[in-house]
Amino acid sequence: MGQAMTQFVGKADHVRRILPAIDPKQFETDLNRLCEMAIESGAETAVAIDAGDVVFNSEVLERVSSDDAFLSVHWPLNYPKDDIIEAVKAYRKGIFFRVTGDKGMPEYGGGPIRNAVHRKKYFKVYEIVTMLESTSFYYGYHLAAGFAAENCRAIFCAEEKRCLPMLKGKACIHPNKGRPSMEAAGMDANTMAKNFDWKPVENGFVIYGLLMVA
Amino acid sequence: MFDSDLEKLRKGAMETGADKAVVIPASDVIIDPRVRLKCMIPKCYMSGSCGHCPPHGYSIQEVKDIVSQFEKAVFFRVKVKSDIIAAESLYKAVESGVLDRNGNAFNLTGYYILVFSIARILQKRARAMGYTRTHGFAAGNCRDPFCHLQPHCQDLMTKNGCRHPEVSLHSMEASGIDVFLMAAKTGWDHYPIGGSCIPEKVPQGNLMGLVLVA
């Protein structure tokens, strides 16, 4: 019963059969549609990227690990037995997007985020990631996996005393909403944005999200 | 291993409840690091709560090492009606931990037990034929079918090991085996099923298992 479940998104009215190989034309069409959907849902920019465009940076992960006031199972990502870089690089394509934040928004790192307006901005990134992930899954890209921003505990479990799955044997209380962030997986979203020549936005603050599609 | 013995095992899978079964070279088992990642993004409700499920269970490298020791495998499928496996009440039951009144969680658990049973029966029959080395993989998690009434997974939470080592198995997907793609390459129709799909839109559901034999 390990299938993906979602709460942010509506019912999937079309479910595609899993194919033995990806149809390149259909894949391109789907990637374009996913970018459009990200924009329609509130992203400022969204592009289809190659898995090779995902930049991993050990300094990002060190920063996340040292920001340990509000630890969660996703901050830093608990992935002890396997190699996250190997997994991400096994994808062909992803959708990289950004959402505009509020002027004067600080870098919250692992959180907590007390400002509800700011929290809502991060919430938007999780919402888009979840929607894209669910859509991709039912398009037949069954391994689609999304990465959001900051620490999901700061967004969804700010009032909880602890992140439950950090206790051995306990499950996440918001499994359908929480996602690991790009930085918690060691990804350098700022460098990726620079590599794509994304210009700064007017109010100066952006939040990044990533969906690895297939 | 003799072809006639493999055929007996394949037929054995069909006789004991599989609706399809094929003999494949072990080299056709698709191991992909993204599959274990997918168990955690979004977090499956059993992720972290069962000793056989990510981030626990076999690492990708361990599975590669296991599969490389075998020449052949029997890959089988148990068909499940979509109004059971994609039922809305099922997902509410999963989220609440309480069986649904429609009986879908109960029925689906029966199908999962069938997959474990077929895999174990095939292993036993292979051993009776003189093939002492076998390795079985089932579907989903083992905690729901065998330890639903227990407060925790004993293998994970204590040093006493699994309560049901004779019947329990790691699942294909929790071990990083891309069972969806293997089904598609075998020519079996398979659809992504999750909490957002509508049963009428999904032609069928499948649970699959694999038994490696030397």
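Numbers restart at 1 for each chain; the letters A, B, ... are given by sequence-line order, proteins then strands.
- A donor-acceptor distance shorter than 3.5 angstrom exists from the side chain of Lys38(B) to the backbone of Ala144(A), with no hydrogens or angles considered.
- With a 4.5 Å cut-off on non-hydrogen atoms, Val73(A) touches chain B through its side chain but not through its backbone.
- Taking a 6.0 Å sphere around CZ of Phe196(A), one finds it holds more than 12 heavy atoms contributed by other residues, nucleotides or ligands.
- Counted within 6.0 Å of NZ on Lys81(A), heavy atoms from surrounding residues, nucleotides or ligands total more than 12; the atom is thus considered enclosed.
- With chain A as the partner, the residue from Pro54(B), Cys50(B), Gly48(B) showing the most heavy-atom pairs under 4.5 Å is Gly48(B).
- Side-chain contact between His190(B) and His142(A) is absent, with no heavy-atom pair separated by less than 4.5 Å.
- Shown here for Gly169(A) and Arg143(B), the closest heavy-atom pair between the two residues is O-NH1, 4.4 Å.
- Of the two parts of Val202(B), only the side chain, counted from C-beta on, holds a non-hydrogen atom closer than 4.5 Å to a non-hydrogen atom of chain A.
- Glu28(A) CD: 12 or fewer foreign heavy atoms inside a 6.0 Å radius.
- Ring orientation note: the planes of Phe137(A) and Phe180(B) are tilted relative to one another, at an angle of 30° to 60°.
- At a threshold of 4.5 Å between non-hydrogen side-chain atoms, the residues Leu37(B) and Ile84(A) count as touching.
- Counting heavy-atom pairs closer than 4.5 Å to chain A, the top-ranked of the candidates Pro203(B), Gly51(B), Pro192(B) is Pro192(B).
- Between the NZ atom in Lys43(B) and the NE2 atom in His174(A) there is a gap of 14.5 Å [rounded to 0.5 Å].
- At a 4.5 Å heavy-atom cutoff, the contact between Lys170(A) and chain B is made by backbone atoms alone.
- Residue contact with chain B, scored on non-hydrogen atoms closer than 4.5 Å, involves the side chain of Phe147(A) exclusively.
- Proximity to chain B (any heavy atom under 4.5 Å) is shown, for Leu167(A), by neither the backbone nor the side chain.
- Using a 4.5 Å cut-off between heavy atoms, Arg17(A) touches chain B through backbone and side chain atoms alike.
- At a 4.5 Å heavy-atom cutoff, the contact between Cys197(B) and chain A is made by backbone and side-chain atoms alike.
- Residue Lys89(A) qualifies as enclosed at atom NZ: its count of foreign heavy atoms under 6.0 Å is above 12.
- Using a 4.5 Å cut-off between heavy atoms, Asn78(A) touches chain B through backbone and side chain atoms alike.
- Judged by distance alone, the side chain of Tyr138(A) and the main-chain N or O of Ser196(B) form a donor-acceptor pair under 3.5 Å.
- Of all the listed residues (His152(B), Glu200(B), Lys185(B), Met46(B)), the one sharing the greatest number of non-hydrogen pairs under 4.5 Å with chain A is Lys185(B).
- Looking at Leu19(A), only its backbone comes within 4.5 Å of chain B, counting heavy atoms on both sides.
- Around CZ of Arg162(A), the count of heavy atoms belonging to other residues, nucleotides or ligands within 6.0 Å does not exceed 12.
- Contact annotation for Met182(B): neither backbone nor side-chain heavy atoms come within less than 4.5 Å of a heavy atom of chain A.
- In terms of heavy atoms, Pro33(B) sits closest to Tyr79(A) at O-OH, 3.6 Å.
- In this structure, Asn160(B) places its CG atom where more than 12 heavy-atom neighbours from other residues, nucleotides or ligands lie under 6.0 Å away.
- The heavy-atom pair separating Pro80(A) from Pro55(B) by the smallest distance is CD-CB, 3.6 Å.
- A heavy-atom distance below 4.5 Å is not found between the side chains of Leu181(B) and Leu143(A).
- A salt bridge (Lys or Arg N to Asp or Glu O under 4.0 Å) with Glu86(A) holds for exactly one of Arg34(B), Lys64(B), Arg36(B); it is Lys64(B).
- With a 4.5 Å cut-off on side-chain heavy atoms, Pro180(A) and Ile41(B) count as touching.
- Within a 6.0 Å radius of CD in Glu44(A), more than 12 heavy atoms belonging to other residues, nucleotides or ligands are found.
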